Visitor: 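Take this structure first; my questions come after.
Values below: every heavy atom of this structure, side chains too, minus hydrogens, waters and symmetry copies. Because the structure is predicted, anything quoted here is derived from the model rather than measured. All residue numbers in this chain count up from 1 along the given sequence.
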Amino acid sequence: MSMQDAIADMFTRIRNAQSRLKPSVMCPKTNYKASILSVLEREGYISDHETVDVDGKPQLKITLRYHDGKPVIHQISRVSKPSLPVYMAYDEMVPVCNGLGIRIISTSNGMFSDRELRSLVSQGKQKLGGAVIGEVV
């Protein structure tokens, strides 16, 4: 069976593992997924991610984060789909849930959270927008 949307699959694996209070979860490795996980790690939603070999195939081991026995990620969802990408300009970026969540945005300069992009704009460095990959609360 072929996987249609690998990013949505990774988000679902994270949701399912956290609902069962698992310490970590595995998913097939791609560089795109690794860059999304780097954003989640920088923002403090996961503890760590690393590449491990399972039966000769590279897998991403995602170490999940909990606070007082409850998952740090309350909701994780896919916004852009392979059939319908959603784009957002730098001046359209409003905080998710009044600043409690983030959007993961793929730009021409790499993967960033909307919080990081807003700080770049406020510092006058870059005005970047891009495809909204997902939202995390």
Side-chain angles (χ1 to χ4, degrees):
M1 180 194 297
S2 67
M3 191 181 318
Q4 297 296 320
D5 189 359
I7 307 304
D9 176 66
M10 180 179 71
F11 287 171
T12 301
R13 288 174 190 239
I14 291 172
R15 259 194 318 271
N16 291 343
Q18 284 198 323
S19 71
R20 302 300 302 158
L21 301 177
K22 300 281 186 185
S24 64
V25 65
M26 304 282 278
C27 71
K29 181 191 184 295
T30 64
N31 291 335
Y32 197 69
K33 288 181 191 178
S35 61
I36 290 171
L37 292 174
S38 294
V39 171
L40 291 176
E41 189 175 343
R42 283 195 309 262
E43 292 291 334
Y45 287 102
I46 62 172
S47 295
D48 189 25
H49 73 283
E50 61 183 338
T51 303
V52 295
D53 278 339
V54 177
D55 297 330
K57 295 179 182 176
Q59 299 278 319
L60 286 168
K61 182 180 180 185
I62 307 164
T63 307
L64 302 174
R65 194 168 193 180
Y66 297 93
H67 179 72
D68 292 335
K70 294 184 180 179
V72 172
I73 297 175
H74 292 72
Q75 180 182 0
I76 185 167
S77 60
R78 181 87 154 112
V79 175
S80 287
K81 297 180 169 99
S83 61
L84 183 64
V86 176
Y87 296 98
M88 188 172 285
Y90 70 93
D91 55 351
E92 297 173 353
M93 292 181 203
V94 295
V96 179
C97 290
N98 293 325
L100 296 177
I102 63 164
R103 278 186 196 91
I104 303 167
I105 299 175
S106 177
T107 69
S108 58
N109 289 358
M111 200 73 66
F112 295 98
S113 70
D114 64 331
R115 195 175 298 163
E116 293 169 330
L117 290 177
R118 281 195 307 273
S119 72
L120 287 175
V121 169
S122 67
Q123 295 170 6
K125 291 185 178 177
Q126 292 179 334
K127 295 181 178 179
L128 289 174
V132 181
I133 304 303
E135 291 183 352
V136 182
V137 178

Visitor: Any side-chain heavy atom of Met111 within less than 4.5 Å of one from Ile133?
Guide: yes
Visitor: Closest approach of Asn16 and Ser19, non-hydrogen atoms and distance?
Guide: O-OG, 2.7 Å
Visitor: Under the side chain to side chain contact (heavy atoms under 4.5 Å, CB included) test against Met10, which residue among Thr30, Asp5, Ile62, Val25 passes?
Guide: Ile62
Visitor: When rounded to the nearest 0.5 angstrom, what distance separates NE2 in His49 from OG in Ser38?
Guide: 3.5 Å
Visitor: Would you say the side chain of Glu43 lies within less than 4.5 Å of the side chain of Glu116, judging by non-hydrogen atoms?
Guide: yes
Visitor: Is a side-chain donor or acceptor of Arg65 paired with a backbone partner of Gly44 at a separation under 3.5 angstrom?
Guide: yes
Visitor: Could you walk me through whether Ile76 and Gln18 pass side chain to side chain contact (heavy atoms under 4.5 Å, CB included), step by step?
Guide: CA-CA 11 Å; Ile76 185 167; Gln18 284 198 323; over 6 Å; no
Visitor: Lys22 and Tyr66: which non-hydrogen atoms are nearest, and at how many Å?
Guide: O-OH, 2.5 Å
Visitor: Measuring from Asp9:CG to Arg78:CZ, what's the distance to the nearest 0.5 Å?
Guide: 11.0 Å
Visitor: Are Ile104 and Val79 co-members of a hydrophobic cluster defined by side-chain heavy atoms under 4.5 Å apart?
Guide: no
Visitor: Give the minimum heavy-atom separation between Pro58 and Thr51, together with the two atoms involved.
Guide: CB-CG2, 4.2 Å
Visitor: Taking ILVMFWY side chains as joined if any heavy atoms are under 4.5 angstrom apart, and letting links pass through other members, which residues group with Met26?
Guide: Val52, Val54
Visitor: CG of Asn31: more than 12 outside heavy atoms within 6.0 angstrom?
Guide: no
Visitor: So does Asn98 have more than 12 non-hydrogen atoms from other groups sitting under 6.0 Å from CG?
Guide: no
Visitor: Supply the atom-to-atom distance Leu64 CG to Arg20 CZ, rounded to the nearest 0.5 angstrom.
Guide: 14.0 Å
Visitor: Identify the heavy atoms of Leu60 and Ala34 that sit nearest to each other, and give their distance.
Guide: CD1-N, 4.1 Å
Visitor: May I ask you to decide if Leu37's main-chain N or O and Tyr45's side chain share a donor-acceptor pair within less than 3.5 Å?
Guide: no
Visitor: Would Val132 end up clustered with Phe11 when hydrophobic side chains under 4.5 Å apart are linked, directly or stepwise?
Guide: no
Visitor: Looking only at heavy atoms, which two atoms of Gln59 and Pro28 are closest? And how far apart?
Guide: OE1-N, 3.5 Å
Visitor: Is it true that, when you exclude Lys33 itself, more than 12 heavy atoms of the residues, nucleotides or ligands shown sit nearer than 6.0 Å to its NZ?
Guide: yes
Visitor: Going from CD on Glu135 to OG on Ser113, what distance comes out if it is rounded to the nearest 0.5 angstrom?
Guide: 12.5 Å
Visitor: Look only at the side chain of Ser80 and the backbone of Val86, and say whether a donor-acceptor pair between them is shorter than 3.5 Å.
Guide: yes
Visitor: At their closest point, which heavy atom of Gly129 faces which heavy atom of Thr107, and how far apart are they?
Guide: O-CG2, 3.5 Å
Visitor: Between Val94 and Met88, is there shared hydrophobic-cluster membership here, with clusters defined by ILVMFWY side-chain heavy atoms closer than 4.5 Å?
Guide: no
Visitor: About how many Å separate CD of Glu50 and OG of Ser24, when rounded to the nearest 0.5 Å?
Guide: 9.0 Å
Visitor: Are any side-chain N or O atoms of Arg115 and backbone N or O atoms of Gly99, one a donor and one an acceptor, separated by less than 3.5 Å?
Guide: yes
Visitor: When you measure from the side chain of Asp114 to the backbone of Arg103, do you find a donor-acceptor pair of N or O atoms at a distance under 3.5 Å?
Guide: yes
Visitor: Starting at CG of Leu128, measure out to CG of Leu120 and round the result to the nearest 0.5 Å.
Guide: 7.0 Å
Visitor: Is there a chain of hydrophobic side chains (I, L, V, M, F, W, Y, each step under 4.5 Å between heavy atoms) that links Tyr87 to Val96?
Guide: no
Visitor: State yes or no: do Val136 and Val72 share one hydrophobic cluster built from I, L, V, M, F, W and Y residues joined by side-chain heavy-atom distances below 4.5 Å, directly or via other members?
Guide: yes
